[in-house]
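Take a look at the structure set out below.
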Amino acid sequence: MTPEDATAWSLARLNTAFFHHYDRREYDELLELLVPDALYEVRGRKLRGHAEIRGALNARSGPEVTVRHLVTSQHVHSVGDGTAQGTVSVIVYSGPTPVGEGPVLYPAANAGHLFEMTDHYRLDNGHWKITQRTAHPILAPATD
């Protein structure tokens with residue numbers, strides 16, 4: 001495996017971990033994947049640093065809504081000495097958490113939103129971390 005391939009593999013693991021923790025509202029673990037002064041741009045908001053990002057995360061819907069981000073493709077296109085850039089595509093589904101057993105039934109308006117993340121990464125004490133993530137909406141379900 002080349003050093004560039006090893007970096008791409010590490011970043012793929014970082015990105016799947018990010019969405020795993022995000023969907024499960026494990027925000028301490030998620031913030032460990034970002035540098036302390038990270039810039040996170042999502043839904044027209046620019047959030048700088050762990051405190052602002054945590055505030056936005058805590059404002060999300062609670063356990064009454066189940067969300068899943070399916071990581072569909074990742075492409076690392078620039079690897080430098082301790083830095084990298086790439087894109088990550090995710091499909092998002094959400095719906096009300098059922099009271100009993102069984103899968104979440106999601107309304108069509110909450111199904112299949114496609115976002116592309118434009119990312120910048122930095123090697124920090126031997127671990128890759130996100131320094132900047134910008135979420136771009138690409139596709140959304142039609143409402144009519």
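Position 1 is the first residue of the sequence; numbering continues from there.
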Would you say T118 and Q132 make side-chain contact, with heavy atoms under 4.5 Å? no
Pairs satisfying side-chain hydrogen bond (donor to acceptor under 3.5 Å, both in side chains), at least one member in residues 44-54, at least two apart: D28-R54
Give a yes or no on whether E29 atom CD has more than 12 heavy-atom contacts from other residues, nucleotides or ligands under 6.0 Å away. yes
Excluding sequence neighbours, so at least two apart, what forms side chain to side chain donor-acceptor pair (under 3.5 Å) with [X]?
| X | value |
| --- | --- |
| H127 | none |
| D81 | none |
| T134 | E41 |
| S10 | none |

Measure the spacing between CG of L33 and CG of N15 and express it to the nearest 0.5 Å. 9.0 Å
Return each pair, listed once, that meets salt bridge (charged side-chain N to carboxylate O under 4.0 Å, His left out) where at least one residue sits in residues 3-15; pairs must be two or more places apart or across chains. none
For residues 120-130, which residue pairs qualify under salt bridge (charged side-chain N to carboxylate O under 4.0 Å, His left out), counting only residues two or more places apart or in two chains? D124-K129
Please confirm whether the backbone N or O of P63 pairs with a side-chain atom of T97, one donor and one acceptor, at under 3.5 Å? yes
Looking at S78 and A84, would you say the former's side chain and the latter's main chain have a donor-acceptor pair under 3.5 Å? no
To which residues is W9 joined in a hydrophobic cluster, defined by side-chain heavy-atom contacts under 4.5 Å among Ile, Leu, Val, Met, Phe, Trp and Tyr, whether direct or through other members? none
Tell me, please, which residues at least two apart from [X] pass side-chain contact (heavy atoms from CB on, under 4.5 Å).
| X | answer |
| --- | --- |
| T16 | V71, Q74 |
| L123 | W128 |
| R68 | D23, R24, T66 |

In short, ring pair (Phe, Tyr, Trp, His ring centres under 6.0 Å) pairs touching residues 18-41 with sequence neighbours left out are F19-H69, Y22-H69
